[in-house]
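Okay, so here's the structure we're looking at.
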Amino acid sequence: MKAVELEKSYNPKDFEDRIYADWKEHGCFQPDAEAPGEPFTVVMPPPNVTGILHMGHALNNQLQDTLVRYHRMCGRPALWVPGTDHAGIATQNVVERQLAAKGLRRQDLGREKFVEETWKVKERHHAIISQQLEKIGSSCDWTRERFTMDEGLSQAVRESFVTLYERGLVYKGNYLVNYCTHCGTALADDEVEYKNLPGKLYQVQYPYADGSGNITVATTRPETMFGDVAVAVNPADERYAHLVGTFVILPLANKRIPIIADSYVDMEFGTGMVKITPAHDPNDWEIGRRHDLEMVNILNADGTLNDAVPEVYRNMDVTSARKLVVADLVSGGYLVGQTDHNHDVGHCYRCSTVIEPYLSEQWFVSMKGMADKALGAWKDGKIVFYAKRWENTYSHWLENIRDWCISRQLWWGHRIPVWYCQDCGQMMVERKDPTSCNKCGSSTILQDTDVLDTWFSSWLWPFSTLGWPESTPDLKRFFPTSTLVTGYDIIFFWVSRMIMASLEFLGEVPFRDIYITGLVRDKQGRKMSKSLGNGIDPLEVVDLYGADAMKFTLCYMAAQGQDILIDMESFKLGSRFANKMWNATRFLLMNLEGKELVPIVDSDLNIMDRWMYRQVNEAASRVKAAIEGYRFNDGAQAIYDVFWNDFCDWYVEATKHALATKDEAERNRQVSVMLDLLAELMRLMHPFVSFITEEIYGKLPNTTGRVIDAPYPSYREERNHDDAKAIVDAMQELVRGVRSLRSELQIPNERKLQIVFRPDAAFVATGFVSEHVGLISTFVGASQLVVDAHAETSVAKAIPVAGHGFEVFVFVRDAIDVDSEIRKIEIDLERNAKSLEGTLRKLSNEQFMSNAKQEAIDKERGKQAEFEEKLEKGRKHLTLLRSL
RNA sequence: GGGGGGUUAGCUCAGUGGGAGAGCUCCUGCCUUACAAGCAGGCUGUCGUGGGUUCAAAUCCCUCACCCCCCA
């Protein structure tokens with residue numbers, strides 16, 4: 001063979017893009033649907049098409065990538081469906097901002113033109129997000145990519161809406177909803193974020209209608225008083241019982257409203273009297289319904305006050321109106337007090353504008369029945385959350401479900417498939433656009449102007465992306481999907497609803513395993529956000545360290561159920577690891593010159609080979625357990641350990657020695673084994689560090705094809721060479737003992753040591769050490785290594801090192817301070833004596849002996865022998881040193 | 001008000017019943033030609049507090065403290 005020259009330093013930019021393009025071009029991400037075996041399917045949580053990939057996406061997609069690559073290599077047809085959603089509000093906001101820069105409003109363009117414009121923006125942004133996913137190495141099947149507003153998915157949305165309507169689960173009604181005046185649309189309950197903010201509690205006097213005095217009500221929102229239709233007291237409140245049924249006058253508006261009794265009122269809060277504004281407060285709305293009160297809406301859709309308020313306040317926004325109302329109440333003598341008061345204020349989750357409860361005609365989905373089924377599926381064990389505790393979040397939300405407001409007053413999205421006849425008023429809910437009224441035949445029909453909530457299309461994602469409502473081959477083959485990987489912030493929005501939709505429309509759960517990722521935070525534990533400027537751009541990480549560095553680091557840090565705290569520096573971990581892989585490979589490949597690849601014969605393997613195979617074997621079983629149990633950090637740790645600590649630190653070092661042999665056949669054998677191990681390690685590590693493993697795999701002379709579709713290493717009983725492990729463990733203890741002594745005594749590496757090694761009769765590695773004197777000498781830096789079971793070494797010249805089953809004598813008399821050596825041994829003796837004492841205490845404890853597992857007892861006995869041996873050797877060495 | 005999570009080495013975090021771990025940092029010595037993005041060796045812990053269960057607790061149960069999140 002020829003030596004293969006690798007670049008001197010690891011530079012991921014040299015190959016990452018090239019490799020991704022190669023995978024994509026050769027269809028490596030496309031599953032063979034015809035292949036046997038249970039498919040492994042993942043649908044990517046669709047990022048907002050106008051969004052930018054952030055660290056959370058990078059984490060989420062990396063974990064999916066690890067899963068998919070692992071299962072693909074295990075031989076299952078693995079499908080990962082990518083895609084984006086149209087993000088109704090967010091995208092519309094983006095386009096409106098662009099228009100605003102030109103001094104335009106969307107109304108200036110008109111609906112059709114505006115939507116056209118939005119599609120253009122979508123196309124531009126879409127390229128960005130796909131490119132980012134490619135940069136981080138996501139092995140998703142781009143040929144199956146979907147968008148929530150493409151034709152097929154729009155059909156799915158239409159089908160689901162009409163079906164639910166037919167089942168009586170979609171209805172229209174005039175209700176109090178959460179309304180964002182900035183976005184100009186209604187929102188669902190869970191799209192409102194509550195923030196506790198400082199405010200004022202105003203005490204306002206309302207005069208009795210008969211002029212006999214005043215009552216005092218407390219309110220945080222005085223400007224809504226124009227919508228007041230009553231004042232309520234608790235029926236049990238004796239202070240006010242006599243007032244129920246009388247009337248007061250609304251100041252500034254000069255309107256007569258009744259005093260009513262309702263048990264909702266908290267007698268302890270404020271004065272125990274509450275103004276009732278049914279059209280602007282959810283609790284008041286309930287009271288209004290109970291008492292059949294009028295609903296007075298005082299707002300326009302843009303958040304300004306409407307004609308229901310006195311003229312001076314009209315067209316003012318809420319904040320200005322509040323100021324003026326307070327001023328007017330003061331000057332009118334109605335305001336008798338104001339105190340600081342913190343309260344929870346709802347904000348729009350998209351734009352942070354204060355939410356107004358707003359009475360309007362909207363479409364809703366009736367949720368109770370679907371929620372019960374979704375709860376049932378969980379109780380029956382058909383879905384499992386990782387980590388388990390998220391099941392509480394899931395069940396709690398479903399148990400307290402409220403109907404879902406799905407209409408949005410936007411232009412960008414799926415238009416509600418409902419038409420109204422302008423002549424007879426007939427309402428039609430249709431799968432296909434009608435051209436005339438199905439009742440009176442009039443062709444003057446108008447479609448509902450609202451669009452549907454984006455989540456109303458996302459909740460179909462696991463099956464709409466596979467072709468539903470058509471019964472496509474993909475749907476039959478790949479649904480239900482295997483695993484969903486997502487963040488806990490959308491368990492309500494998305495996860496629960498997908499389960500409900502799937503049960504409703506297909507009668508089965510959309511996925512069995514739900515892995516909830518942690519949130520990516522900065523080192524101070526703060527959420528990464530644009531406003532804090534503490535975010536880390538995944539592309540910047542890729543640029544600085546390479547995609548593999550990011551991929552590995554994220555896996556390494558992804559402990560189940562834990563948030564991830566990182567900064568830019570964190571990615572050095574992965575970067576160093578990738579660099580280590582690169583350089584180890586570089587070394588091995590530069591040694592190929594003049595060697596031949598020969599078949600590997602198991603019986604020819606030496607102890608180090610057998611040990612290394614065993615370690616890789618063990619790692620394979622660790623990784624399997626880790627990935628299948630969604631413990632990504634364990635998997636990353638396993639490959640890190642085996643590659644760095646075993647392969648590089650010991651096996652490759654031993655190989656250096658082995659390759660120096662003059663025996664050509666042995667050299668060829670050694671190189672072949674080494675390459676075999678390296679190739680297997682690349683396969684093992686591929687799901688965590690995909691690019692570099694592919695690059696290296698392609699350069700190995702003993703491999704064909706790509707690592708991405710190579711078989712994944714699995715645990716093999718016949719490679720469980722525990723005998724080799726015992727020997728190498730013992731050898732390592734011996735080597736570490738000498739190295740430690742050298743280091744403590746500050747003996748420079750150049751100075752080669754004279755060493756006598758004295759094994760006990762039962763020492764497991766005696767043969768190995770005897771046969772590999774050269775190798776061990778290299779490990780410890782010895783000029784002479786004598787193995788002598790009966791050595792009577794004069795310590796006048798040597799320092800003894802005690803190990804488990806052996807002693808080593810290092811001839812460095814001149815380099816030591818006898819007193820300090822004595823002290824060290826004394827400290828050691830003390831520690832061992834203490835350990836022995838603890839062990840003996842256990843072994844002499846009857847209850848321990850009768851209750852403990854046999855395993856635990858055996859272990860204690862082993863410890864006893866070990867401590868006694870060390871004590872004995874230590875004492876002997878102490879005596880020798882003291883005799884000097 | 002309800003629920004969940006966290007508290008382990010200087011930092012970030014693994015570890016769920018039997019001798020306290022990793023990465024980074026720090027200290028010491030090394031450019032031993034694959035890698036100084038490295039090698040070798042080392043220091044560091046009342047496993048938040050107080051109790052309980054157990055032969056045995058970082059691990060299970062309870063109390064308290066502090067921090068974080070979700071829901072109402």
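In what follows, chains carry the letters A, B, and so on, assigned in the order in which the sequence lines appear, proteins first and then strands, with residues in each chain numbered from 1.
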Pick base, sugar-phosphate or nothing for [X], based on heavy-atom distances below 4.0 Å to the nucleic acid.
{"X": "A:M849", "value": "nothing"}
{"X": "A:E391", "value": "nothing"}
{"X": "A:N851", "value": "base"}

Taking the basic N atoms (NZ, or NE/NH1/NH2) and the acidic carboxylate oxygens, is any pair closer than 4.0 Å for [X] and [Y]?
{"X": "A:D641", "Y": "A:R622", "result": "yes"}
{"X": "A:E744", "Y": "A:K824", "result": "yes"}
{"X": "A:E695", "Y": "A:K699", "result": "yes"}
{"X": "A:K624", "Y": "A:E628", "result": "yes"}

Are A:Y349 and A:F493, when compared by the centres of their aromatic rings, separated by less than 6.0 Å?
yes
Partner nucleotide, any strand, of [N] [Watson-Crick/G-U, under 3.5 Å]:
{"N": "B:U44", "value": "none"}
{"N": "B:A65", "value": "B:U7"}
{"N": "B:C39", "value": "B:G29"}

Atom [atom1] of [X] and atom [atom2] of [N]: how far apart are they, to the nearest Å?
{"X": "A:K842", "N": "B:G17", "atom1": "NZ", "atom2": "C1'", "result": "11 Å"}
{"X": "A:L573", "N": "B:U25", "atom1": "CG", "atom2": "P", "result": "11 Å"}
{"X": "A:R831", "N": "B:G19", "atom1": "CZ", "atom2": "C1'", "result": "12 Å"}
{"X": "A:I857", "N": "B:G19", "atom1": "CD1", "atom2": "P", "result": "14 Å"}
{"X": "A:E5", "N": "B:A34", "atom1": "CD", "atom2": "P", "result": "12 Å"}
{"X": "A:H396", "N": "B:G5", "atom1": "NE2", "atom2": "C1'", "result": "16 Å"}
{"X": "A:K699", "N": "B:A34", "atom1": "NZ", "atom2": "C1'", "result": "15 Å"}
{"X": "A:Q746", "N": "B:C27", "atom1": "CD", "atom2": "C1'", "result": "11 Å"}

On a whole-Å scale, what distance lies between the [atom1] atoms belonging to [N] and [M]?
{"N": "B:C43", "M": "B:A57", "atom1": "C1'", "result": "28 Å"}
{"N": "B:U8", "M": "B:G1", "atom1": "P", "result": "28 Å"}
{"N": "B:U25", "M": "B:G2", "atom1": "P", "result": "46 Å"}
{"N": "B:A58", "M": "B:A14", "atom1": "C1'", "result": "12 Å"}
{"N": "B:A20", "M": "B:C39", "atom1": "P", "result": "28 Å"}
{"N": "B:C27", "M": "B:C66", "atom1": "C1'", "result": "33 Å"}
{"N": "B:C47", "M": "B:A9", "atom1": "P", "result": "10 Å"}
{"N": "B:G10", "M": "B:A34", "atom1": "P", "result": "38 Å"}

Where along residues 671-682 of chain A does a heavy atom fall under 4.0 Å from RNA chain B?
none
Sugar-phosphate atoms are those with a prime plus P, OP1 and OP2; base atoms are the rest. Using that split, label each nucleotide of nucleotides 35-45 of chain B B, S or - for protein heavy atoms under 4.0 Å, 5' to 3'.
B-BSSSSS---
For a side chain to side chain contact (heavy atoms under 4.5 Å, CB included) check, start with the C-alpha distance between A:F688 and A:Y556, then their side-chain angles and the critical distance, and finish with the verdict.
CA-CA 9 Å; A:F688 301 90; A:Y556 188 90; over 6 Å; no
Side-chain H-bond candidate by donor/acceptor type, [X] with [Y], under 3.5 Å:
{"X": "A:N832", "Y": "A:S835", "value": "no"}
{"X": "A:N633", "Y": "A:Q637", "value": "no"}
{"X": "A:H804", "Y": "A:E869", "value": "yes"}
{"X": "A:E860", "Y": "A:Q864", "value": "no"}
{"X": "A:Y651", "Y": "A:D609", "value": "yes"}

Among B:C55, B:C70, B:G5, which nucleotide has an atom closest to any side-chain atom of A:Q847?
B:C55
Nearest heavy atoms of A:C405 and A:V177, plus distance in Å:
SG-CG1, 4.1 Å
How do A:E750 and A:F848 order along RNA chain B: which one's closest nucleotide is nearer the 5' end?
A:E750
Quick check on RNA chain B: between A:Y640 and A:A856, whose nearest nucleotide comes earlier from the 5' end?
A:A856
Step-by-step side chain to side chain contact (heavy atoms under 4.5 Å, CB included) determination, A:K368 to A:D372:
CA-CA 6 Å; A:K368 186 79 177 70; A:D372 284 345; 3.1 Å; yes
In terms of heavy-atom contacts, does CD of A:E7 have more than 12 from other residues, nucleotides or ligands at under 6.0 Å?
no
Hey, what are the protein-to-nucleotides 12-15 of chain B N/O distances that come in under 3.5 Å?
from: B:G15; atom 1: OP1; to: A:R631; atom 2: NH2; distance (Å): 2.6

